[in-house]
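Structure first, commentary second.
Only a predicted model underlies this, so the values are computations on that prediction, with no experimental measurement involved.
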Amino acid sequence: MIDDFVQGTFGTVDADPAAVAMVRAATPDLPDDPSGEQVAAWVELAELVGDEDFRARMRRTAPRRAAGRALDIESEMGEVGAVGEELMEFARQKVAEAMESGIDPLGDGGAPVIDDLVRRFAEVFGRTPDAEFRDWTAERFEEAHDPRVDRYWRLVWIVNGRQVVPGLVPVYAWLIRALRSGRAA
């Protein structure tokens with residue numbers, strides 16, 4: 001099943017060899033005596049790797065991950081240097097804190113968090129923190145963070161019996177919802 005996925009997804013002449021090697025190196029291997037969690041992860045993984053939309057997304061993201069490059073907005077932030085990297089980490093932290101505090105991204109409590117982040121992002125990019133910039137930022141985060149790709153790697157870790165590292169998908173989902181809320185910065 002996984003061999004078919006790798007071949008069907010990356011078996012083209014223009015496939016990035018590093019991406020193929022990375023995906024092959026992380027091949028899920030269901031143990032002889034799997035736990036219930038591992039079996040459930042295997043079943044979900046089988047469904048996921050059969051989805052052509054997911055395969056297309058993996059073709060787009062795996063080469064960047066294999067090369068150790070950030071995706072979309074993170075890459076753009078990296079291009080603006082250490083300030084951009086610090087801003088990405090600051091954004092992750094602020095959104096995680098808002099989530100832990102139970103702040104709704106669409107509610108009044110989310111407004112100051114997202115407005116502050118929009119202003120800071122605009123400063124780094126030399127842009128005006130208006131609705132157009134908010135949309136631009138939301139689009140970059142939407143392009144960069146597909147929950148299915150995150151889920152694939154989590155399922156692989158579960159099947160292989162590795163510790164599952166907390167992902168950023170919930171943080172980015174909160175941020176995107178807040179950016180798309182229609183409030184002006």
Side-chain angles (χ1 to χ4, degrees), residues 1-77 88-89 91-93 95-96 98-100 102-106 110 135-181:
M1 167 187 77
I2 297 299
D3 286 340
D4 289 344
F5 165 67
V6 173
Q7 183 60 32
T9 304
F10 301 104
T12 62
V13 291
D14 61 341
D16 183 329
V20 175
M22 177 188 72
V23 173
R24 284 201 187 280
T27 299
D29 185 24
L30 194 63
D32 291 334
D33 188 22
S35 69
E37 180 183 36
Q38 287 173 310
V39 170
W42 184 261
V43 169
E44 187 178 342
L45 194 58
E47 291 174 17
L48 188 58
V49 300
D51 182 297
E52 189 51 45
D53 287 338
F54 172 73
R55 287 177 179 221
R57 181 63 171 169
M58 284 292 285
R59 273 190 288 278
R60 288 191 307 270
T61 62
R64 294 185 74 117
R65 290 184 190 270
R69 296 191 316 259
L71 299 173
D72 301 323
I73 192 136
E74 291 176 342
S75 176
E76 292 174 31
M77 294 304 292
M88 286 302 295
E89 185 54 38
R92 288 182 186 117
Q93 180 182 351
V95 172
M99 291 173 61
E100 288 171 13
I103 295 174
D104 181 351
L106 304 179
D135 286 343
W136 179 87
T137 305
E139 286 172 12
R140 296 310 176 279
F141 277 104
E142 288 166 341
E143 291 167 5
H145 302 283
D146 185 326
R148 296 170 303 166
V149 173
D150 185 68
R151 185 67 183 154
Y152 171 83
W153 291 111
R154 292 175 167 295
L155 292 169
V156 168
W157 295 337
I158 291 168
V159 168
N160 288 340
R162 296 193 179 133
Q163 179 181 2
V164 177
V165 178
L168 294 174
V169 170
V171 169
Y172 289 115
W174 190 100
L175 180 59
I176 292 164
R177 286 186 70 210
L179 286 166
R180 293 286 190 202
S181 71

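Atom CG of L175 sits about 10.5 Å away from atom CE of M99, to the nearest 0.5 Å. Here CZ of R57 is found 13.0 Å from CG of D51. Values are rounded to the nearest 0.5 Å. With rounding to the nearest 0.5 angstrom, the CD1 atom of I158 is 14.0 Å from the CH2 atom of W153. Atom-to-atom distance recorded for L106:CG and R177:CZ is 4.0 Å, nearest 0.5 angstrom. Note: L48 CG to Y152 OH = 8.5 Å, rounded to the nearest 0.5 Å. Interatomic distance, CZ of R180 versus CD of E139, reported as 5.5 Å (0.5 Å rounding).
Nearest heavy atom pair, residue P105 against residue W174, reads CD-NE1, 3.2 Å. Between A41 and V159, the closest heavy-atom pair is CB-CG2, 3.8 Å. Of all non-hydrogen atoms in L179 and F141, the two that sit nearest each other are CD1-CD1, 4.3 Å. Across F5 and R55, no two heavy atoms sit closer than the pair CA-NH2, 3.6 Å. In this structure, N160 and Q38 approach most closely via the heavy-atom pair C-NE2, 4.4 Å. Smallest separation of non-hydrogen atoms from V39 and P34: CG2-CG, 3.6 Å.
More than 12 heavy atoms of other residues, nucleotides or ligands shown are found within 6.0 angstrom of CZ on R148.
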